2 protein chains.
Amino acid sequence: MSPATRCKAETLLTEAALRRTPPRIAVLQVLLNAREPLNQDQITARLDRDAPNKVTVYRTLQALCAAGIVHRAFVQKRTWYFESAERCTEHQCHPHFTCTGCGRTSCLAEMRLPAVARSYKGYTIQRQRVQLEGLCPKCRECK
Amino acid sequence: MSPATRCKAETLLTEAALRRTPPRIAVLQVLLNAREPLNQDQITARLDRDAPNKVTVYRTLQALCAAGIVHRAFVQKRTWYFESAERCTEHQCHPHFTCTGCGRTSCLAEMRLPAVARSYKGYTIQRQRVQLEGLCPKCRECK
DNA sequence: ACACTAAATGCAACTGAGTTGCAAGAAGAA
DNA sequence: TTCTTCTTGCAACTCAGTTGCATTTAGTGT
Ligand SMILES: [Zn+2]
Ligand SMILES: [Zn+2]
Ligand SMILES: [Zn+2]
Ligand SMILES: [Zn+2]
């Protein structure tokens with residue numbers, strides 16, 4: 001882990017008024033470095049020896065989500081995948097793409113999405129989450 | 001249940017080359033009549049005395065989803081909510097709105113959504129699912 | 001109408017990510 | 001440093017979902 005990432009993690013925690021504890025800094029660093037959403041086991045695996053108890057990871061993710069630093073990106077096979085919220089705007093999370101061929105899910109973080117209406121039939125729409133489905137570049141070739 | 005709904009359910013099963021068994025017809029009828037996505041317990045509750053075994057409901061929903069007649073609309077508190085696919089198009093499911101105030105999720109089946117690109121960086125995009133978040137009409141008043 | 005076969009059902013038992021309670025430990029304020 | 005409050009680790013629990021298998025049934029073809 002780079003010292004820059006660590007610094008970023010600590011800053012985010014401070015801004016969210018969360019205590020800067022080793023487990024939180026560690027988990028947040030993993031998510032800041034990840035290119036794809038990770039589930040709890042994957043986060044634990046990346047921490048290896050420094051991994052805290054699984055309940056601590058669980059509660060850490062809860063706290064980070066409540067603070068808005070981390071998002072629950074999607075659920076697959078009954079497990080949640082988490083990611084840093086840094087590549088999402090206030091009104092729109094970046095889309096996730098699930099391949100019907102290989103089952104893999106990836107972030108399309110740079111994809112521009114058409115904006116949705118801010119209100120509809122009395123509903124105030126504050127945030128939009130988009131899930132895409134189809135064939136990934138690899139599976140498209142094989143087909 | 002109206003005889004029309006039953007007929008519709010049986011037709012859908014036949015078209016999908018699925019056996020028209022009592023549990024399947026019953027579960028499908030419930031979903032065709034529902035205005036909101038339902039989880040397994042809610043489906044069972046609506047069938048009351050006629051409710052099949054929970055494993056049968058589970059496997060029925062699996063079969064209906066595999067056939068594309070039913071969609072897994074969203075997951076909430078570790079349980080899946082199902083709905084008939086009749087109000088979705090091939091490329092776009094109707095959006096679901098979750099209120100951050102009361103936690104309720106509702107279908108915005110008539111809402112028009114801007115179309116998303118059919119391909120992006122080598123990905124072939126076949127279907128789009130949109131999840132919205134904000135305040136529902138009731139919670140907006142109270143606020 | 002009857003026999004046959006592949007598919008569906010019900011039951012019981014299992015799975016495992018998520019969740020909780022509580023005692024011990026650590027962060028941050030005074 | 002002391003104190004208070006929040007956080008952590010452990011063990012135990014929850015419960016929707018999942019599986020295996022024996023029994024039943026839908027649909028097909030006599
Ligand atoms: Zn693929
Ligand atoms: Zn992402
Ligand atoms: Zn509401
Ligand atoms: Zn819906």
Side-chain angles (χ1 to χ4, degrees), chain A residues 6 9-30 37-45 47-67 69-82 103 105, chain B residues 6-7 9-30 37-67 69-82 103 105:
Chain A
R6 188 195 171 84
E10 296 196 11
T11 305
L12 284 168
L13 288 171
T14 304
E15 283 172 358
L18 290 172
R19 287 193 184 172
R20 279 162 293 156
T21 64
R24 287 180 179 170
I25 295 167
V27 168
L28 191 45
Q29 276 185 97
V30 167
L38 303 176
N39 66 25
Q40 225 189 276
D41 282 350
Q42 292 172 320
I43 294 169
T44 300
L47 287 171
D48 200 35
R49 299 212 158 284
D50 305 326
N53 182 278
K54 76 157 192 163
V55 179
T56 302
V57 176
Y58 165 71
R59 286 197 268 233
T60 296
L61 289 169
Q62 268 197 161
L64 295 176
C65 284
I69 301 171
V70 165
H71 284 165
R72 273 181 247 277
F74 56 87
V75 62
Q76 213 163 61
K77 287 199 178 185
R78 290 189 70 58
T79 77
W80 277 103
Y81 287 73
F82 299 85
T105 298
Chain B
R6 187 193 172 86
C7 179
E10 296 196 11
T11 306
L12 284 167
L13 288 171
T14 304
E15 282 172 0
L18 291 171
R19 286 195 185 171
R20 280 161 293 156
T21 64
R24 286 180 180 170
I25 295 167
V27 168
L28 191 45
Q29 278 186 96
V30 167
L38 304 176
N39 66 26
Q40 225 189 275
D41 282 349
Q42 293 172 319
I43 294 169
T44 301
R46 296 202 180 187
L47 287 171
D48 199 35
R49 298 214 158 281
D50 305 325
N53 182 278
K54 75 157 193 166
V55 178
T56 302
V57 176
Y58 166 71
R59 286 196 267 232
T60 296
L61 290 169
Q62 267 195 162
L64 296 176
C65 284
I69 301 172
V70 165
H71 284 165
R72 273 180 247 276
F74 56 87
V75 62
Q76 213 163 59
K77 286 200 176 184
R78 290 187 73 54
T79 77
W80 277 102
Y81 286 73
F82 299 85
T105 299

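Throughout, protein chains are lettered first and strands after them, A, B, ... in sequence-line order, and every chain is numbered starting at 1. Just so you know, these numbers come straight off a predicted model, no measurement behind them.
In this structure, CD of B:Gln62 is placed 10 Å from P of D:dG17, rounded to the nearest angstrom. Nucleotide C:dG18 holds its C1' atom 15 Å from the OH atom of A:Tyr81, rounded to whole Å. Atom pair B:Asp50:CG and C:dG10:P shows a separation of 12 Å (rounding to whole Å applied). Between the CH2 atom of B:Trp80 and the C1' atom of D:dC15 there is a distance of 17 Å, rounded to whole Å. For A:Asn53 and C:dA24, the CG to C1' distance is 13 Å, given to the nearest whole Å. Atom pair B:Gln76:CD and D:dC15:P shows a separation of 17 Å (rounding to whole Å applied).
Contact annotation: side chain of B:Arg19 to base of C:dA6, donor-acceptor pair present below 3.5 Å. Remark: the A:Lys54 side chain and the D:dG9 base include no donor-acceptor N/O pair separated by less than 3.5 Å. Looking at B:Arg59, its side chain has no donor and acceptor atom pair within 3.5 Å of the base of D:dG17. For B:Arg24 and C:dT9, a side-chain-to-base donor-acceptor distance below 3.5 Å is absent, hydrogens and geometry of angles not being considered.
DNA chain C is contacted by both A:Asp41 and A:Val55; A:Asp41 maps to the nucleotide lying nearer its 5′ end (nearest heavy atom per residue). Remark on DNA chain D: of its neighbouring residues A:Thr60 and B:Gln40, the 5'-side contact belongs to A:Thr60, judged by nearest-heavy-atom nucleotide.
Under the 4.5 Å side-chain criterion, counting only non-hydrogen atoms from C-beta, B:Leu28 is in contact with B:Val70.
In terms of modelled atom types and a separation under 3.5 Å, the side chain of B:Glu10 and the main chain of B:Arg20 share no donor-acceptor contact. In this structure, B:Gln29 contributes its side chain and B:Ala9 its backbone to no donor-acceptor pair below 3.5 Å.
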